[in-house]
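The figures here come from the full heavy-atom set of this structure, side chains too, leaving out hydrogens, waters and symmetry mates. Lettering of chains follows the sequences in order, A, B, ..., and the numbering in each one begins at 1. Everything quoted here is computed from the prediction, not taken from an experiment.
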Amino acid sequence: MPELPEVEVVRAGLERHLIGKEISEVSVYHPRAIRKHLAGPKDFEGRLVGRKISDIRRRGKYLWFEFDDDEVLVGHLGMSGQFLLVPTDLEFEKHLRINFAFANWPTQLRFVDQRTFGGMSIDQFDSANDAPASISNIALDPFDPAFDIEELIERLRGRDSQIKRLLLDQNLVSGIGNIYADESLWRAKIHPERPASSLTKAKLKLLIESATAVMGEALAVGGTSFDDLYVNVNGESGYFERGLAVYGRRGEPCPRCRVAIRREAFMNRSSHFCPGCQPGPRTG
DNA sequence: ATGGTGACCTGGAGGC
DNA sequence: TGCCTCCAGGTCACCA
C-alpha cells in the first residue's frame, strides 16, 4: 500500500533512530524477501554485519541505507511491507522476513511483509545517478531537488497512452501509486483514461502539481493507511484516509459536484473517479 | 517501443 | 461454522 508519502514517513523514522548504529546480526527468515540478492541469504547476512549506517535515503518508493563505501542496502515495501523498530525481547511478528540487531542497542529493525512483494538487496551505489545501480531506471520523484516538471511534461506530451498509466509509470515519474494517481486526477479534473495527447501543457502541469500537493499533504499527516498492514516506523498508522476525495469512496458523493464516485477496473486494479467533473475520454 | 495481461503471495471481508 | 469469490496501496516478465 505504501506510495511515496508512506515510504518517506518510514524513511524519516528510520533516519531518526538508525544513523550511526552498527549492525551486529542479520537473520533472513524468508528467502523471497531477498530474492533480488542473487548471492543468497548467507551472503546477505554476512556482508552487513559490522557495517555502520551513515545515511538513509529514498527515491520514489525505494529506500536505501548507506554505509562508509559504495555498498548500499536497498529496500522496497511492495504492497504490505513494514519496517518496525521494536525492543529486542518482543515476540517475533508472524510475517517477520528479515531481522537486524545492532551493537549496544536493545532494539531490532524488523522487516515484516505479509504478501512478500517487498524485499531487500545489497547493491552498488551509482554516484553518477546518485542512486543504487539496481534502480537506475526509476525516475526522480516530485520531491527530489533535481526534479524537473517541465522535462516531465515534455515526456508526457503527445503520448497516446492513457494518462493514469503514465502517472503510474515509475520510469517517467516515481512515487505515485494507485491512490495518489486517482486523487491527483480528481484534483486536476482529468478522467484517468484520457490519452495524454488530448491534454494541454497547462493541464499536464496542473496534474503534476496536484500529485505533488496531495502527496505533500499526506506526508504532513504521516501517510495514508487503511488498516494495520501499513504502520510507520513507530507502529503508528497514518491519518490521511480522511483527506481522500475519491479513492475507496465508490458511491459516495463527489466533494466538488456531488455526483456519485465511480469505481472501474483499470490495469488489473481499479480507478476511482467522478463522472461529473472528470469528463470521459470521448466526451473531452 | 508500447501496451495489455497475468503472475507473484497472504489474508480479510462478505455472500450463501 | 465453512466454503466461495473478490479485493488489496506494486512490480515484473512475457506476449502481441
Practice problem: Let me have a per-nucleotide readout for nucleotides 7-14 of chain B, 5' to 3', with B, S or -, counting only protein heavy atoms under 4.0 Å. | Solution: -BBBS---

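The side chain of Tyr62(A) has dC12(C) as its nearest neighbour among dG9(C), dC12(C), dT5(B). The side chain of Arg165(A) lies closest to dT5(B) when the candidates are dG9(C), dT11(C), dT5(B).
With both ends at atom P, the span from dC9(B) to dC3(C) equals 24 Å, rounded to whole Å.
Counting any heavy atom pair closer than 4.0 Å across all strands shown, Arg159(A) reaches sugar-phosphate atoms only and no base atom.
Under 4.0 angstrom from either OP1 or OP2 of dG9(C) there lies no side-chain N or O belonging to Tyr180(A). Regarding contacts with the backbone of dG10(C), every side-chain N or O of Gln170(A) stays at 4.0 angstrom or more from both OP1 and OP2. A close approach under 4.0 Å does not occur between any side-chain nitrogen or oxygen of His76(A) and OP1 or OP2 of dG10(C).
Side chain of Glu66(A) to backbone of Arg57(A): no donor-acceptor contact under 3.5 angstrom is found. With hydrogens and angles ignored, the 3.5 Å screen pairs no side-chain donor or acceptor of Lys36(A) with any backbone N or O of Val74(A).
Within a 6.0 Å radius of CD in Glu22(A), other residues, nucleotides and ligands contribute more than 12 heavy atoms. Sparse packing is recorded around CD of Glu91(A), with 12 or fewer heavy atoms of other residues, nucleotides or ligands lying under 6.0 Å away.
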Can you give the donor-acceptor pairs under 3.5 Å from side chains of residues 131-139 of chain A to other protein atoms, not counting sequence neighbours?
unit_1: Ser134(A); atom_1: OG; unit_2: Asp123(A); atom_2: OD2; d: 2.7
unit_1: Ser136(A); atom_1: OG; unit_2: Ala133(A); atom_2: O; d: 3.4
unit_1: Asn137(A); atom_1: ND2; unit_2: Asn171(A); atom_2: OD1; d: 3.4

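Side chain to side chain, His95(A) and Asp113(A) fail the donor-acceptor criterion of an N or O pair below 3.5 Å. No hydrogens or angles considered: nothing links the side chains of Ser174(A) and Lys61(A) as a donor-acceptor pair under 3.5 Å. Between Gln124(A) and Asp70(A), the side chains place no donor N or O within less than 3.5 Å of an acceptor N or O (distance only, hydrogens not considered). Donor-acceptor pairing under 3.5 Å is lacking for the side chains of Lys21(A) and Asn104(A).
Across the protein-nucleic acid pair, Asp169(A) atom CG and dG10(C) atom C1' stand 13 Å apart, rounded to whole Å. To the nearest angstrom, P of dG6(B) lies 15 Å from CZ of Phe266(A). Rounded to an integer number of Å, the gap from His272(A) NE2 to dA8(C) C1' is 10 Å. Computed from coordinates, the Asp160(A) CG to dT2(B) P distance equals 11 Å when rounded to whole Å. In this structure, Met267(A) atom CE and dG4(B) atom C1' are separated by 9 Å, rounded to whole Å. When rounded to the nearest whole Å, the span between CG of Leu38(A) and C1' of dC12(C) equals 14 Å. Atom CG in Asp182(A) sits about 10 Å away from atom P in dG10(C), given to the nearest Å. Rounded to an integer number of Å, the gap from CD of Gln162(A) to P of dT2(B) is 16 Å.
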Self-check item: Intra- and inter-strand pairs of DNA chain B in dot-bracket (Watson-Crick or G-U wobble, both distances under 3.5 Å; | for another strand)
Solution: .|||||||.|||||||

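We find that Glu93(A) and Arg110(A) are joined by a salt bridge, their nearest charged nitrogen and carboxylate oxygen being less than 4.0 Å apart.
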